[in-house]
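The residues of the chain are indexed from 1 along the displayed sequence. In this text the structure is predicted, and so the values were computed from the model without any measurement.
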Amino acid sequence: MSTYVYGVTAATHPALPEGLAGVGEPALPVRVLRAGDLAAIVSEAPENLRPKRRDLLAHQTVLGETGAAGCVLPMRFGSVAPDDDAVIGVLTERAEHYLERLRALENKVEYNVKASHVEEAVLHQVMADSPELRALAEANRQAGGGTYEQKLQLGEMVAAAVRAREAEDAAEIHRVLEPLSTGVEPGPESTGWLANVSFLVDRDEAARFLDTAEGLRESRPHLEVRVNGPLPPYSFVEPGPAKPAVPAAE
């Protein structure tokens with residue numbers, strides 16, 4: 001049977017809570033595989049694994065219970081290895097990498113920050129900042145809306161100004177939040193977001209990081225900022241001892 005991998009810890013990590021159960025229905029018992037100075041938190045992999053709410057929560061619960069006692073390198077939901085020997089083999093082969101990651105991620109959490117523009121507010125902002133745009137819009141208005149070519153020109157200029165503002169705001173998010181973190185990883189590009197970034201933050205700095213992110217939101221009404229966390233530091237662990245067998249869930 002395949003082996004489901006939740007995370008990697010030091011071999012000296014405290015014992016798991018008694019009766020800890022993981023993914024599957026019925027829930028499969030969680031156990032520990034050790035290889036030298038490392039250990040993997042695993043269970044049997046259920047058949048037909050899918051990112052159902054119950055299993056997503058079970059994955060998070062195992063990581064939460066394990067992480068409460070010390071640093072754990074989290075694997076993404078659905079990480080499955082062919083068997084126990086394959087997991088032990090990767091732990092042995094990648095021991096230096098995992099030990100370095102355990103040291104680097106001790107007492108740290110991940111915050112994912114996504115930002116987008118409030119459409120009406122950013123349009124107002126770019127118009128307010130550009131005398132040229134205002135003059136062209138006023139000329140079109142006085143001409144009864146302007147010709148097709150004039151409308152097209154205005155639309156292209158506004159779109160370019162919005163794209164420039166997106167780049168400026170994305171850079172500003174990095175500039176303000178990066179000094180409060182110890183690591184930064186860009187997330188996958190997706191439609192609708194001008195920024196999708198994960199920050200590695202010391203737990204002692206978490207409150208200040210959240211306050212600063214809230215300050216970004218309040219000081220820029222044209223900008224919507226969403227912070228998700230604290231999360232296990234998924235973005236700062238890979239590669240792992242198993243490959244996701246199902247699509248990762250947001």
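Contacts of R53 classified as side chain to side chain contact (heavy atoms under 4.5 Å, CB included), with partners at least two apart in sequence or in another chain: L57. Every residue two or more places apart in sequence or in another chain that forms a side chain to side chain contact (heavy atoms under 4.5 Å, CB included) with L123 is listed here: E119, V158, V162. Residues meeting the salt bridge (Lys or Arg N to Asp or Glu O under 4.0 Å) test with E224, sequence neighbours left out: R226. Every residue two or more places apart in sequence or in another chain that forms a side chain to side chain contact (heavy atoms under 4.5 Å, CB included) with V62 is listed here: Y6, L20, V30, I41, T66. For S2, there are no side chain to side chain donor-acceptor pair (under 3.5 Å) partners two or more places apart in sequence or in a different chain. In this view, Q60 and Y234 satisfy the side chain to side chain donor-acceptor pair (under 3.5 Å) rule, not counting sequence neighbours. With sequence neighbours left out, P14 forms a side chain to side chain contact (heavy atoms under 4.5 Å, CB included) with A69.
Judged by distance alone, the side chain of H97 and the main-chain N or O of V237 form a donor-acceptor pair under 3.5 Å. Looking only at distances, a side-chain donor or acceptor of Y4 sits under 3.5 Å from a matching main-chain atom of G78. Distance alone, capped at 3.5 Å, is enough to place a donor-acceptor pair between the D55 side chain and the G24 backbone. Not one N or O on the side chain of E178 forms a donor-acceptor pair closer than 3.5 Å with the backbone of V184.
In terms of heavy atoms, A45 sits closest to L28 at C-CD1, 4.3 Å. Taking all atoms of both residues into account, the shortest heavy-atom contact from V87 to A40 is CG1-CB, 3.7 Å.
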Distance-only criterion, 3.5 Å: show the donor-acceptor pairs between side-chain atoms of residues 166-174 and protein atoms not counting sequence neighbours.
unit_1, atom_1, unit_2, atom_2, d
E168, OE1, R165, NE, 3.2
D169, OD2, H117, NE2, 2.7
D169, OD2, H222, NE2, 3.0
E172, OE1, R175, NE, 3.0
E172, OE2, R175, NH2, 2.8
E172, OE2, R220, NH2, 2.7

Without placing hydrogens or testing angles, list every side-chain donor-acceptor pair under 3.5 Å for residues 207-217, not counting sequence neighbours.
unit_1, atom_1, unit_2, atom_2, d
R208, NE, E205, OE1, 3.0
R208, NH2, E205, OE1, 3.0
T212, OG1, R208, O, 2.8
E214, OE1, R217, NH1, 2.0
R217, NE, V225, O, 3.0
R217, NH2, V225, O, 2.5

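The hydrophobic cluster around V118 extends to none of the other residues, as no ILVMFWY side-chain heavy atom falls under 4.5 Å of it. Grouped with W193 in a hydrophobic cluster is no other residue, since no side-chain heavy-atom contact under 4.5 Å to another Ile, Leu, Val, Met, Phe, Trp or Tyr is found.
With no hydrogens or angles considered, no side-chain donor-acceptor pair links E185 and S198 at under 3.5 Å.
Follow the hydrophobic side-chain contacts under 4.5 Å out from L177 and you reach L194 in the same cluster.
Sorted by first and then second residue, the pairs that involve residues 77-89 and meet salt bridge (Lys or Arg N to Asp or Glu O under 4.0 Å), not counting sequence neighbours, are R31-D84.
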